[in-house]
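Working notes, structure below.
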Amino acid sequence: MKKILRILFLISPLIILSLAYYEQGRWTPPLDPNTPQPVSIATLLEHPESYQAPILLITHGDVFNKSGDIIYLKGFGGVFLKVNCTNVDIGDVQEGMTLYLRGYSYYHDPSKEYFLAIEIHIHVSYSVYLSIPIAVLVLIILFFGFKFKLKDFSFSRRKEEGSKSSTSQEEGN
């Protein structure tokens, strides 16, 4: 029985890894056209017939170029998506920003070949704005709430600890 368990435990990760490798490169079309489908720009451009206009799509990318009501988004792998923003205010959008878009794809139609945006969200990172006040708040809690001292942040051994350990080693001998 032990040999069978060992063989199963050795084979099961190989089976799981082979199935994961098989699923990694496999693409499946969207199942429900009534729910919004998150899709990458590269997948949208590779399979435009599967993501036709009645399907509401959610995608994201970095703004490469902006001209009038047209934005060109750069996705992973260097592919570009032409976005028509006639129904959306894009006054705050600048080159280099990361955008999250909701809309419909018309890339299956050779006369249009664009993504119609119905909603745009600009990705904003609050890391700089929140990190400094939170760090100050944590230090206040440490110093006043838990009675920390500046020497508590030292990474060197204290003299008391070193002398205690050396005396305990001498006593042990």
Side-chain angles (χ1 to χ4, degrees), residues 1 4-142:
M1 188 69 172
I4 293 173
L5 285 176
R6 287 180 186 170
I7 290 172
L8 287 177
F9 285 140
L10 287 174
I11 291 178
S12 61
L14 294 174
I15 293 171
I16 291 170
L17 288 175
S18 63
L19 289 174
Y21 181 74
Y22 172 73
E23 286 290 325
Q24 178 187 7
R26 202 172 126 217
W27 175 81
T28 57
L31 298 176
D32 186 14
N34 297 324
T35 60
Q37 302 289 324
V39 64
S40 69
I41 292 174
T43 306
L44 178 63
L45 295 177
E46 287 174 5
H47 307 283
E49 67 282 347
S50 297
Y51 299 103
Q52 292 182 12
I55 298 177
L56 183 63
L57 301 174
I58 301 170
T59 188
H60 71 282
D62 297 330
V63 177
F64 180 73
N65 192 2
K66 174 184 163 186
S67 62
D69 288 338
I70 302 294
I71 294 175
Y72 290 95
L73 289 183
K74 184 177 182 182
F76 297 116
V79 293
F80 294 98
L81 179 71
K82 181 180 177 182
V83 181
N84 185 353
C85 301
T86 55
N87 300 329
V88 183
D89 180 28
I90 57 171
D92 296 336
V93 175
Q94 297 174 358
E95 293 180 9
M97 289 182 157
T98 301
L99 298 180
Y100 292 91
L101 304 168
R102 274 183 110 157
Y104 302 101
S105 173
Y106 291 99
Y107 268 92
H108 65 282
D109 187 3
S111 64
K112 296 180 181 177
E113 289 190 349
Y114 61 83
F115 183 86
L116 179 63
I118 60 171
E119 191 175 346
I120 293 179
H121 294 282
I122 299 171
H123 176 70
V124 179
S125 174
Y126 295 103
S127 61
V128 174
Y129 302 116
L130 291 179
S131 63
I132 295 171
I134 289 177
V136 170
L137 181 65
V138 166
L139 289 175
I140 289 171
I141 291 171
L142 287 175

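These values consider heavy atoms only, across backbone and side chains, with no hydrogens, waters or symmetry-generated copies.
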### Summary
Taken to the nearest 0.5 Å, the spacing of L57 CG from S105 OG works out to 6.0 Å
### Query
So, do Y104 and I118 sit near enough that their side-chain heavy atoms are less than 4.5 Å apart?
yes
### Task
Check whether any side-chain heavy atom of I70 sits under 4.5 Å from a side-chain heavy atom of N84, and report yes or no.
yes
### Message
How long is the straight-line distance from CG of L99 back to NZ of K66, given to the nearest 0.5 Å?
### Response
10.0 Å
#### Entry: Donor-acceptor pair, side chain of Q52 and main chain of E49, under 3.5 angstrom
yes
#### Entry: Minimum heavy-atom distance I90-C85, with the two atoms named
CG2-CB, 3.7 Å
### Residue pair E23 / R26: nearest heavy atoms and the distance that separates them
OE2-NH1, 2.5 Å
#### Entry: 4.5 Å side-chain heavy-atom contact, L73 and V63
yes
### Task
Please report the shortest heavy-atom distance between P48 and H108, naming the atom on each side.
O-CB, 3.8 Å
### Task
Please confirm whether the backbone N or O of A117 pairs with a side-chain atom of E119, one donor and one acceptor, at under 3.5 Å?
no
### Minimum side-chain heavy-atom gap D89-I120 below 4.5 Å
no
### Query
Any side-chain heavy atom of H60 sitting closer than 4.5 Å to one from F76?
yes
### Query
Are the side chains of F115 and I41 in touch, meaning some heavy atoms are under 4.5 Å apart?
no
### Query
Can you tell me how far OH of Y51 sits from CD of E46, rounded to the nearest 0.5 angstrom?
9.5 Å
### Message
Is the ring pair Y114/Y106 parallel, tilted or perpendicular, if the boundaries are 30 and 60 degrees?
### Response
tilted
### Query
In Å, rounded to the nearest 0.5 Å, how long is the span from CD of Q94 to CD1 of I122?
8.0 Å
## Note on the structure
Taken to the nearest 0.5 Å, the spacing of H121 NE2 from T98 OG1 works out to 14.5 Å
### Query
Do L101 and V88 come within less than 4.5 Å of each other through their side chains, counting heavy atoms only?
no
### Query
Just by distance, do the side chain of N65 and the backbone of S67 share a donor-acceptor pair under 3.5 Å?
no
### Query
Has F80 got more than 12 heavy atoms of other residues, nucleotides or ligands less than 6.0 Å from its CZ?
yes
#### Entry: Gap between atom NZ of K82 and atom OH of Y72 - 0.5 Å precision
4.5 Å
### Query
Take atom CG in L14; do more than 12 heavy atoms of anything else shown fall under 6.0 Å from it?
yes
### Message
Tell me whether K74 at atom NZ has more than 12 heavy atoms from other residues, nucleotides or ligands lying less than 6.0 Å away.
### Response
no
